[in-house]
Amino acid sequence: MKRITSITTVLALVFLFNISNAFCGNITGAWCGKILGSRIDVTFVQDKKEFKGVANLTDIMGAKNTYHVAGSVLGDKVKGRHGSGHTFAGKLVNPNTIEVVLTLKSGKTFEVELERVHTSSSSHKADT
C-alpha cells in the first residue's frame, strides 16, 4: 500500500511540474515598444521558465544604448533585471503583448508595452 501511495505521489508531482511548464508563457522572439518617445527593440530567448534578452533603446536623436537582461516567466507573469539594478515586472497580456513596469535603480518607474514583431516570409522575393 505504501508503494502505491509513493508511486501516486511521484506521478502527481511529475504531472504538476509538466502542467506548470505548459502554462508558462512563451516570450521568445523580437518585441518593440516606446518609452518616453524612445524606441525599444528587445529580443528574448526563453528556456523553460528563464529567459535572457537584449534590449536596444534608440532615443529621439538616434543614439543607441544596449542592455542585457535576464529573468523568469511564471504563467503570464514576467520579471527581469539588468546588471545595473534596473528591474521590470509585468505580464504577458496575450501572445503578442507584454505590459511591464520598468523600475530604475533610482526608484523612478515607467510603464512599457511591448508588441511582438512578426516577420513575414512573403516579404522575401525570389530572384527572377
Side-chain angles (χ1 to χ4, degrees):
M1 186 66 171
K2 286 185 180 183
R3 180 171 166 85
I4 292 174
T5 304
S6 297
I7 291 172
T8 304
T9 302
V10 169
L11 289 175
L13 290 173
V14 169
F15 176 76
L16 290 173
F17 176 77
N18 287 332
I19 289 294
S20 69
N21 282 334
F23 288 121
C24 187
N26 185 353
I27 64 169
T28 294
W31 300 79
C32 69
K34 288 200 178 270
I35 180 169
L36 296 175
S38 298
R39 180 178 170 91
I40 184 166
D41 295 290
V42 185
T43 302
F44 292 117
V45 176
Q46 184 176 339
D47 181 20
K48 297 180 182 149
K49 294 179 184 176
E50 296 180 357
F51 68 84
K52 292 182 180 179
V54 177
N56 292 302
L57 185 66
T58 306
D59 69 21
I60 57 175
M61 300 301 290
K64 188 179 279 191
N65 290 299
T66 300
Y67 300 92
H68 295 266
V69 297
S72 62
V73 179
L74 184 58
D76 65 346
K77 305 295 185 223
V78 179
K79 287 185 177 183
R81 72 179 309 115
H82 177 258
S84 67
H86 304 321
T87 62
F88 58 93
K91 65 181 178 175
L92 186 62
V93 177
N94 61 53
N96 298 311
T97 307
I98 299 173
E99 292 178 349
V100 298
V101 174
L102 171 65
T103 304
L104 304 183
K105 67 180 179 180
S106 66
K108 188 165 178 97
T109 61
F110 302 94
E111 292 182 4
V112 180
E113 181 177 279
L114 298 174
E115 294 291 329
R116 189 181 295 272
V117 176
H118 294 281
T119 56
S120 172
S121 60
S122 63
S123 64
H124 303 294
K125 295 182 180 178
D127 294 327
T128 55

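Along the sequence shown, the residues carry numbers beginning at 1.
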Membership question, hydrophobic clusters at under 4.5 Å side-chain separation (ILVMFWY): are [Y] and [X] in the same one?
X   : Y    : result
V69 : F110 : yes
V45 : L92  : no
V93 : V101 : no
L57 : L36  : yes

### Summary
When R81, H86, H82 are each screened for side chain to side chain contact (heavy atoms under 4.5 Å, CB included) with K105, the one that passes is H86
Backbone N or O of [Y] within a donor-acceptor pair of the [X] side chain at under 3.5 Å?
X    : Y   : answer
R116 : P95 : yes
T28  : Q46 : yes
H68  : V54 : no

### Query
Which is it for F88 and L114 under the side-chain contact (heavy atoms from CB on, under 4.5 Å) test, yes or no, and what are the steps along the way?
CA-CA 12 Å; F88 58 93; L114 298 174; over 6 Å; no
### Query
What is the minimum heavy-atom distance between V73 and G25, and which atoms define it?
CG1-O, 3.5 Å
### Task
Determine the minimum heavy-atom distance between I98 and F44, stating which atoms define it.
CD1-CE1, 4.1 Å
#### Entry: Chi angles and distances behind the side chain to side chain donor-acceptor pair (under 3.5 Å) call for S38, D59
CA-CA 4 Å; S38 298; D59 69 21; 5.8 Å; no
### Message
So, taking the atom named CZ in R39 and the one named NZ in K64, what distance separates them when rounded to the nearest 0.5 Å?
### Response
9.5 Å
### Query
Just how far is it from atom CG of L102 to atom CD of E111, taken to the nearest 0.5 Å?
11.0 Å
### Query
Any side-chain heavy-atom pair from I40 and W31 closer than 4.5 angstrom?
no
#### Entry: Working for side-chain contact (heavy atoms from CB on, under 4.5 Å), residues K79 and T87
CA-CA 8 Å; K79 287 185 177 183; T87 62; over 6 Å; no
### Message
Within the 3.5 Å criterion, strictly below it, is a donor on T97 or E115 matched to an acceptor on the partner's side chain?
### Response
yes
### side-chain contact (heavy atoms from CB on, under 4.5 Å) between Y67 and V42, worked out
CA-CA 9 Å; Y67 300 92; V42 185; over 6 Å; no
